[in-house]
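Just the heavy atoms: all of them, side chains too, but no hydrogens, waters or symmetry mates, feed the values below. Since this is a predicted model, take the numbers as computed values, not measurements.
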Amino acid sequence: MSELLEKAGKLKQASKKLAVLTKEEKNAALVYMADQIAKEKEWILQENERDLLDGKEKGMSEALLDRLLLTSERIDQIVEGVRQVVALEDPIGEVLEAWERPNGLNIQTVRVPLGVIGMVYEARPNVTVDAASLCLKAGNAVLLRGSTSALHSNKALVKVMRAALADTAIPGDAVQLLEDTSRETASQMFRLNQYLDVLIPRGGAGLIQSVVQNASVPVLETGVGNCHIFIDQSAGEKMAIDIAVNAKLQRPSVCNAIETVLVHKDWPFVAELLDSLHSKGVELRGDQELAATFPFVKEASEDDWSCEYLAPILAIKLVEDVREAIEHIDRYGTKHSEAIISENAENVLLFFRGVDAAVLYHNASTRFTDGEQFGYGAEIGISTQKLHARGPMGLKAITTTKAIVQGNGQIRG
């Protein structure tokens with residue numbers, strides 16, 4: 001039997017045990033799991049260093065190396081993320097609706113686990129723990145399929161989690177890492193309907209589209225982030241510049257960092273914005289007018305407007321008004337996170353109504369599109385699709401519903 005089928009079978013059995021555990025049992029298990037990750041920090045960092053060395057030898061980009069990197073602080077954040085999940089309200093068993101029919105039947109819609117979730121993701125070891133903790137809290141078993149580039153890190157983290165769970169009510173088999181990262185095995189995983197209830201891809205556009213196009217298992221799609229900020233004519237200088245700098249540079253390698261700034265042509269502080277970004281090391285690619293006016297601005301190509309740089313590079317374009325900004329976002333955006341900086345209530349309302357995206361911001365950085373920042377604890381991903389879940393996905397996004405019907409002898413005539 002292949003590794004995939006063996007582990008999938010164990011997950012299916014574990015999910016049945018997991019689904020009936022109490023919130024107290026699940027929380028106690030997650031607390032112990034967090035403690036053990038913290039305890040094994042040094043070993044996990046050593047295994048991560050092996051991945052980093054391999055990545056550097058293979059010429060991995062700085063952006064990807066940053067995603068792959070674990071530090072003492074980042075492991076502390078991972079552990080804190082698990083503890084935040086523990087503190088969240090358990091969604092399982094929540095009664096969403098309750099009503100009585102004229103024939104006396106009492107019907108409830110209650111929240112239940114999805115079952116077995118397959119996570120497919122790239123070089124971000126923190127996702128290994130984030131996904132596991134959220135899935136377990138919501139009563140789901142999880143098959144983790146990370147990338148080859150993070151294999152040592154993922155193996156270490158999963159080994160620690162499984163060993164910890166073995167001493168708790170949650171079966172250790174509820175978390176499995178698919179160590180075979182070949183494309184052939186991935187293709188099998190995408191069609192493993194008899195074992196997997198849903199697939200969640202998390203990574204670049206290529207990975208996501210590969211899963212969406214090749215899977216027969218239902219996909220809860222996350223998306224790449226070609227995110228924009230529109231600076232309206234009424235925007236204040238300091239707020240607009242502070243938000244643009246934060247949204248680009250606070251962590252350029254993540255999907256909620258901005259890639260394009262659209263600026264009203266009559267906003268009086270364009271030079272100050274560009275100078276501030278340039279002085280902080282941002283490579284600027286602008287429209288013809290900006291490139292002709294500012295010597296440090298390169299002229300943007302058509303590809304720049306649709307590019308997710310994941311680096312300190314930013315496209316900038318002057319627009320006539322909020323309507324042109326909306327049209328640009330509609331053409332090039334990825335329905336992730338979009339922001340408007342404005343003191344004009346009418347333009348803000350038009351932006352909110354006209355832009356189709358999972359998260360819209362007024363006078364705030366797009367960097368807040370994040371499960372922790374939304375109060376969900378760790379996130380399973382950020383959904384840019386419209387069915388089932390949209391935006392940062394926490395516990396409720398990885399549940400489904402069940403109708404409970406109670407009667408006293410009713411039969412249908």
Side-chain angles (χ1 to χ4, degrees), residues 201 203-206 208-209 212-213 219-235 240 243-244 247-248 252 254-267 270 273 284-291 299-310 313-370 374 381-393:
I208 293 166
Q209 287 309 305
V212 170
Q213 293 169 8
V219 178
L220 187 50
E221 183 180 350
T222 63
V224 297
N226 184 22
C227 304
H228 302 73
I229 283 179
F230 167 57
I231 300 177
D232 195 18
Q233 184 179 2
S234 63
I243 290 173
K248 177 72 262 184
V254 293
C255 62
N256 57 21
I258 58 165
E259 307 295 7
T260 299
V261 173
L262 304 171
V263 186
H264 193 289
K265 64 181 180 60
D266 295 326
W267 190 58
V270 176
L273 170 68
L284 299 172
R285 300 180 184 180
D287 59 26
Q288 279 189 331
E289 181 178 343
L290 291 173
E299 186 169 343
S301 68
E302 178 65 19
D303 289 342
D304 283 310
W305 305 123
S306 56
C307 185
E308 186 187 31
Y309 299 113
L310 302 176
I313 305 171
L314 187 67
I316 299 187
K317 181 181 181 181
L318 299 177
V319 294
E320 288 287 331
D321 53 23
V322 64
R323 293 182 185 278
E324 186 181 344
I326 293 170
E327 289 171 3
H328 181 99
I329 294 169
D330 183 58
R331 180 175 180 181
Y332 298 104
T334 54
K335 304 184 190 302
H336 192 296
S337 300
E338 311 291 356
I340 179 172
I341 315 302
S342 176
E343 300 304 320
N344 184 313
E346 184 178 340
N347 284 349
V348 173
L349 181 60
L350 182 59
F351 187 88
F352 281 180
R353 287 179 173 174
V355 174
D356 180 12
V359 185
L360 299 176
Y361 291 90
H362 173 217
N363 291 350
S365 170
T366 58
R367 284 287 289 117
F368 290 102
T369 303
D370 174 86
F374 271 42
I382 297 169
S383 170
T384 53
Q385 67 180 31
K386 297 184 180 181
L387 297 179
H388 177 65
R390 202 176 195 200
M393 295 187 291

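Side-chain contact between I231 and V270 is absent, with no heavy-atom pair separated by less than 4.5 Å. Counting heavy atoms from C-beta outward, Y361 and R367 have side chains that stay 4.5 Å or more apart. Counting heavy atoms from C-beta outward, L318 and V263 have side chains that approach closer than 4.5 Å. A 4.5 Å side-chain heavy-atom check between E338 and F351 finds at least one atom pair inside the cut-off. For the pair V355/F230, no side-chain contact is recorded, criterion being any heavy-atom separation below 4.5 Å from C-beta on. Two residues are said to be in side-chain contact when any heavy atoms from C-beta on lie closer than 4.5 Å; I382 and V359 fail this criterion. In this structure, the side chains of S234 and N347 stay at 4.5 Å or more apart for every pair of heavy atoms.
Tested against K335, the residues D356, T384, D330 include a single side-chain hydrogen bond (donor to acceptor under 3.5 Å, both in side chains) partner, D356.
Heavy-atom minimum distance, I229 versus I243: CD1-CG2, 3.6 Å. Between H336 and A357 the shortest heavy-atom distance is O-CB, 3.9 Å. In this structure, F374 and F368 approach most closely via the heavy-atom pair CE1-O, 3.1 Å. Closest approach of I326 to L350, counting heavy atoms only: CD1-O, 3.6 Å. Closest approach of P392 and T369 over heavy atoms only: CG-CG2, 3.9 Å. Of all non-hydrogen atoms in A364 and A339, the two that sit nearest each other are O-CB, 3.8 Å.
W305 and H328 have perpendicular rings, their planes meeting at more than 60° on a 0 to 90° scale where under 30° would count as parallel.
Between the Q385 side chain and the E221 main chain, a donor and an acceptor come within less than 3.5 Å of each other. T260 places no side-chain N or O within 3.5 Å of a backbone atom of H228 that could act as its donor or acceptor partner.
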Y309 and D304: CA distance, side-chain angles, deciding distance, side chain to side chain contact (heavy atoms under 4.5 Å, CB included) verdict: CA-CA 9 Å; Y309 299 113; D304 283 310; 2.8 Å; yes

Stepwise side chain to side chain contact (heavy atoms under 4.5 Å, CB included) test for M393 and L220: CA-CA 10 Å; M393 295 187 291; L220 187 50; 3.6 Å; yes

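To the nearest 0.5 angstrom, D266 atom CG is 5.0 Å from Q233 atom CD. Atoms CD1 and CG, on I340 and L262 in that order, are 10.5 Å from each other to the nearest 0.5 Å.
Within 6.0 Å of atom CD in Q288, 12 or fewer heavy atoms from other residues, nucleotides or ligands are found, so the atom counts as exposed in its surroundings. Applying the 6.0 Å contact sphere to CD of E289 captures no more than 12 heavy atoms from other residues, nucleotides or ligands. Summarising the local packing, CD of E346 is surrounded by 12 or fewer heavy atoms from other residues, nucleotides or ligands at distances under 6.0 Å.
Shown here are the salt bridge (Lys or Arg N to Asp or Glu O under 4.0 Å) partners of E259, two or more places apart in sequence or in another chain: K248.
No salt bridge links K317 with D287; every basic N to acidic carboxylate O contact stays at or beyond 4.0 Å. The pair R285-D303 does not meet the salt-bridge criterion, since no charged nitrogen lies less than 4.0 angstrom from a carboxylate oxygen.
Side chain to side chain, S337 and T366 fail the donor-acceptor criterion of an N or O pair below 3.5 Å. A donor-acceptor contact closer than 3.5 angstrom links the side chains of D232 and S342.
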